[in-house]
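The structure appears below as structure tokens.
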Amino acid sequence: MKLQSLVTKATQFPEATVAVAAAEDEEVLKAVAQALQAGFGRFILYGDESVLSRLVAEHVQDVGHDAIRIVHASTNEEAAHMAVKAVHEKEASVLMKGNVPTATILKAVLNKEYGLRTGRVLSHVAVFDVPHYERPILVTDAAMNIAPDLQQKTEIIMNAVQVAKAIGIHMPKVAPLAAVEVVNPAMPATIDAAALSLMNQRGQLKDCIVDGPLALDNAISVESAQHKGIQSSVAGHADILVVPNIETGNVLYKSLVYFARAQVGAMIAGAKAPIVLTSRADSAESKLYSLALAICATNK
């Protein structure tokens with residue numbers, strides 16, 4: 001399923017409500033306007049009421065005003081608190097980060113009283129449409145977990161599998177990435193990848209097919225895998241790329257966006273509800289795709 005198809009799928013859930021923390025952001029409100037034009041979503045905007053009223057009038061104009069509610073918050077911390085609490089109390093089904101530091105909204109998400117913790121690892125899942133590549137590709141984790149250990153990687157995979165299933169990939173092929181495709185004791189990423197593959201074979205990682213270690217070229221290119229003689233149902237056909245650490249994920253994510261001109265939608269999985277945690281530098285289009293992804297994920 002391509003990202004534009006996700007927007008179409010999200011229109012099946014016009015009543016899905018998104019709580020936006022610190023919504024005083026032009027790109028966020030452009031994405032809100034595009035979602036309403038596409039026909040999905042209702043939005044509760046938390047932030048400075050006077051600023052939000054002006055920005056909504058400017059960017060949303062005559063589209064979907066009845067699907068927007070503004071709730072005044074004096075500070076970013078208050079906006080994050082109120083937005084997270086709205087999701088906790090099921091007034092909204094998706095949380096979205098606006099013009100607020102990530103640390104501020106995550107502090108509210110992790111609050112023991114009203115937060116969205118489940119006991120699982122929270123992880124970032126990005127879905128890319130790469131030009132000239134025949135299918136969407138998921139990348140995890142490019143933004144949350146710095147140097148995940150083996151147990152964290154299992155949960156990162158489980159989160160990504162749930163997102164993949166929500167967008168129509170029912171038995172995703174998972175490639176734990178490394179610099180090489182053989183196990184090397186001097187390269188911990190290869191050892192973790194082999195362990196994850198064995199865990200999958202023994203039924204500890206379900207609803208997916210895991211095989212690694214695989215280098216990036218072997219994971220996504222049939223020709224590369226054949227040239228190296230790799231016998232694997234995942235090699236050349238990976239749906240989910242699991243990076244070994246946040247530096248690798250961050251570079252891969254930004255390389256796809258800036259060099260390959262890929263389109264992307266992303267969310268945080270593992271919480272009680274999907275979290276749209278895009279960068280403040282992300283485009284309105286990326287935020288729109290992220291909204292559609294999160295809404296589809298909560299209605300899988």
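What you see below is based on every heavy atom in this structure, not just the backbone, and it leaves out hydrogens, waters and symmetry mates.
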Exercise for the section: Take Lys287 and Val276, measure what side-chain contact (heavy atoms from CB on, under 4.5 Å) needs, and give me the verdict at the end. Expected result: CA-CA 8 Å; Lys287 288 177 166 62; Val276 178; 5.8 Å; no

Practice task
Please report the shortest heavy-atom distance between Ala294 and Val94, naming the atom on each side.
Solution key: CB-CG1, 3.8 Å

Problem - Donor-acceptor side-chain pairing of Asn159 and Ser123 below 3.5 angstrom - result: yes

Problem - In one Ile/Leu/Val/Met/Phe/Trp/Tyr side-chain cluster, 4.5 Å: Ile156, Leu177 - result: no

Exercise for the section: Determine whether Thr140 and Val163 make a side-chain contact, defined as any pair of heavy atoms from C-beta on separated by less than 4.5 Å. Expected result: no

Exercise for the section: Check for a donor-acceptor pair, side chain of Arg42 on one end and backbone N or O of Leu36 on the other, with a separation under 3.5 Å. Expected result: no

Practice task
State, with a plain yes or no, whether a side-chain heavy atom of Leu277 is found less than 4.5 Å away from one of His124.
Solution key: no

Handout entry: side-chain hydrogen bond (donor to acceptor under 3.5 Å, both in side chains): pairs with one or both residues in residues 205-219, sequence neighbours excluded
Key = Glu181-Asn218, Asp211-Ser232, Asp217-Ser224, Asn218-Ser224

Exercise for the section: Answer whether the closest heavy-atom distance between the side chains of Tyr289 and Val264 falls below 4.5 Å. Expected result: no

Problem - Any Leu3 side-chain heavy atom under 4.5 Å of Leu293 side chain - result: no

Can I get a per-line list of side-chain donor-acceptor pairs under 3.5 Å for residues 10-20, giving both atom names and the distance, sequence neighbours left out?
residue: Thr11; atom: OG1; partner: Thr8; partner atom: O; Å: 2.4
residue: Thr17; atom: OG1; partner: Glu15; partner atom: O; Å: 3.2

Handout entry: Trace of the side-chain contact (heavy atoms from CB on, under 4.5 Å) decision for Met171 with Ile209
Key = CA-CA 7 Å; Met171 183 58 72; Ile209 303 169; 4.1 Å; yes

Exercise for the section: List the steps, then state whether side-chain contact (heavy atoms from CB on, under 4.5 Å) holds for Gln152 with Asp149. Expected result: CA-CA 5 Å; Gln152 289 170 321; Asp149 60 21; 3.2 Å; yes

Handout entry: Glu91/Arg69 salt bridge by N-O under 4.0 Å criterion
Key = yes

Exercise for the section: Indicate yes or no: at least one non-hydrogen side-chain atom of Leu196 is less than 4.5 angstrom from one of Asn200. Expected result: no

Exercise for the section: Can you establish whether the number of heavy atoms outside Glu113 located under 6.0 Å from its atom CD is more than 12? Expected result: no

Handout entry: Sidechain-backbone polar pair: Asp48 side chain, Ser50 backbone, donor-acceptor under 3.5 Å
Key = yes

Completion exercise
So CG of Leu29 and CD1 of Ile68: to nearest 0.5 Å the spacing works out to 7.0 Å

Exercise for the section: Indicate yes or no: at least one non-hydrogen side-chain atom of Val109 is less than 4.5 angstrom from one of Ile275. Expected result: yes

Problem - Expected output: side-chain Ser290 to main-chain Ser286 donor-acceptor under 3.5 Å - result: yes

Handout entry: Val100-Val71 co-clustered via ILVMFWY side chain contacts under 4.5 Å
Key = no

Exercise for the section: Compute whether any side-chain donor of one residue and acceptor of the other, for Asn245 and Thr248, lie under 3.5 angstrom apart. Expected result: yes

Handout entry: Separation between CZ of Phe128 and NZ of Lys2, rounded to the nearest 0.5 Å
Key = 13.0 Å

Handout entry: Heavy-atom check, side chain of Val87 versus side chain of Lys272, under 4.5 Å
Key = no

Handout entry: Minimum-distance pair of heavy atoms, taken over all atoms of Gly115 and Val84
Key = CA-CG1, 3.9 Å

Practice task
Quick one: pull up NZ in Lys30 and CD in Glu285 and give me the separation to the nearest 0.5 Å.
Solution key: 12.5 Å

Problem - Straight-line distance of Gln204 CD to Leu198 CG, nearest 0.5 Å - result: 7.5 Å

Handout entry: Step-by-step side-chain contact (heavy atoms from CB on, under 4.5 Å) determination, Leu256 to Val130
Key = CA-CA 7 Å; Leu256 289 172; Val130 183; 4.1 Å; yes

Fill in the blank from the handout: Distance col, row Ile295:CD1 vs Met96:CE, nearest 0.5 angstrom, shows 9.5 Å

Exercise for the section: Following the transitive rule for hydrophobic clusters with a side-chain heavy-atom cut-off under 4.5 Å over Ile, Leu, Val, Met, Phe, Trp and Tyr, establish whether Ile169 and Leu214 coincide in one cluster. Expected result: no

Handout entry: Tyr133 side chain reached by Ile220 side chain, heavy atoms, under 4.5 Å
Key = yes

Exercise for the section: Mark yes when over 12 heavy atoms from residues, nucleotides or ligands other than Gln231 sit less than 6.0 Å from its CD; otherwise mark no. Expected result: no

Handout entry: Path from Val257 to Val125 over hydrophobic side-chain contacts below 4.5 Å
Key = no

Practice task
Taking all non-hydrogen atoms of both residues into account, name the closest pair between Phe43 and Ala35 and its distance.
Solution key: CZ-CB, 3.9 Å

Practice task
Indicate yes or no: does Asp239 engage Lys173 in a salt bridge with an N to O separation below 4.0 Å.
Solution key: no

Practice task
Following the transitive rule for hydrophobic clusters with a side-chain heavy-atom cut-off under 4.5 Å over Ile, Leu, Val, Met, Phe, Trp and Tyr, establish whether Leu55 and Leu45 coincide in one cluster.
Solution key: yes

Completion exercise
Note: Pro172 and Ile240 closest approach over all heavy atoms is CB-CD1, 3.8 Å

Practice task
State the NZ-SG distance between Lys9 and Cys296, to the nearest 0.5 angstrom.
Solution key: 5.0 Å

Fill in the blank from the handout: When every non-hydrogen atom of Val60 is compared with those of Ala33, the smallest separation belongs to CA-CB, 4.1 Å

Exercise for the section: Mind listing the closest non-hydrogen atom pair of Leu122 and Gly270 along with its distance? Expected result: CD2-C, 3.4 Å

Problem - ring pair (Phe, Tyr, Trp, His ring centres under 6.0 Å) pairs, two or more places apart, involving residues 71-119 - result: His81-Tyr114

